[in-house]
Amino acid sequence: MAVYKIVEIGDEVLREKAKPVKEITPNIIKLLDNMADTMYEANGVGLAAPQIGVSKRVIVIDVGEGLVELINPEIVEASGNVVDTEGCLSVPGMIGEVARADKLVVKGINRQGKAVTYQAKGWLARAFQHEIDHLEGVVFVDRAANLRKAE
Ligand SMILES: [Zn+2]
């Protein structure tokens, strides 16, 4: 078990387009394990690899429905539109309103290298969009209205 330091906005790695994972190596497994540890330690609901300084397409999410780990995630369908409040572990203390699709189909690969598909709605759909944005160098503040300090 290991906890990484979370990089904060202003760090270049958060603005890079992350690279696809070509092969599931022991290092990728370790990355997944440590990313989950880091997310839980920080009381977050999601974490993307660039947030710990690793520019690879790897995300972890837990919105209270269990741990989701996804490598090379891709949104293949999106529908609906909902505005809700978001924050980000890389932008401590700030929140804002972000419009997101309400329902998604997300594809990717799991730690066994198998193709997996998630049907997501609500908070899970929001978390997927937020974390996949990180892989494109997009931070929620780019999309947020009424950006403000959390109380
Ligand atoms: Zn974030």
Side-chain angles (χ1 to χ4, degrees), residues 1-21 27-78 80-111 116 118-151:
M1 168 160 175
V3 170
Y4 296 115
K5 181 172 162 36
I6 296 172
V7 302
E8 295 186 1
I9 194 158
D11 192 308
E12 274 303 303
V13 72
L14 290 177
R15 294 308 187 176
E16 289 170 15
K17 192 170 154 72
K19 295 199 171 46
V21 172
N27 274 341
I28 295 294
I29 301 299
K30 194 171 122 194
L31 177 68
L32 284 166
D33 289 341
N34 292 344
M35 280 175 64
D37 289 343
T38 303
M39 173 181 72
Y40 289 124
E41 177 74 19
N43 292 314
V45 297
L47 193 72
Q51 291 184 275
I52 46 101
V54 176
S55 195
K56 289 187 193 303
R57 304 187 81 82
V58 177
I59 63 173
V60 295
I61 292 171
D62 190 340
V63 294
E65 301 167 11
L67 178 63
V68 172
E69 302 173 323
L70 204 55
I71 297 159
N72 300 342
E74 203 179 331
I75 295 168
V76 292
E77 276 180 55
N81 186 62
V82 63
V83 175
D84 213 329
T85 309
E86 272 182 37
C88 177
L89 294 174
S90 294
V91 191
M94 300 296 287
I95 55 172
E97 264 60 66
V98 184
R100 300 283 190 188
D102 191 38
K103 288 177 78 175
L104 298 179
V105 178
V106 183
K107 288 187 172 172
I109 56 175
N110 66 13
R111 63 165 61 211
V116 286
Y118 286 91
Q119 317 270 344
K121 58 182 181 178
W123 277 104
L124 182 58
R126 177 168 295 275
F128 269 122
Q129 290 165 91
H130 179 117
E131 301 314 330
I132 292 170
D133 267 357
H134 276 302
L135 307 182
E136 296 298 320
V138 174
V139 180
F140 92 104
V141 295
D142 305 344
R143 299 189 187 277
N146 191 21
L147 193 67
R148 61 198 185 274
K149 283 197 168 140
E151 306 222 337

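In listed order, ligands and their atoms are each counted from 1.
Between E136 and R57 there is a salt bridge, since at least one side-chain N of the basic residue sits less than 4.0 Å from a carboxylate O of the acidic one.
Of all protein N, O or S atoms, those under 2.8 Å from the Zn ion (ligand 1) number 3.
In this structure, CG in D62 is found 12.0 Å from CG in L47, a value given to the nearest 0.5 Å.
Residues T85 and E97 bring a donor and an acceptor atom of their side chains to less than 3.5 Å of each other.
No side-chain donor-acceptor contact under 3.5 Å links S90 to the backbone of I9.
Looking only at side-chain heavy atoms (C-beta outward), R143 and V138 come within less than 4.5 Å of each other. Residues R148 and M94 have side chains not in contact (no heavy-atom distance under 4.5 Å, counting atoms from C-beta outward).
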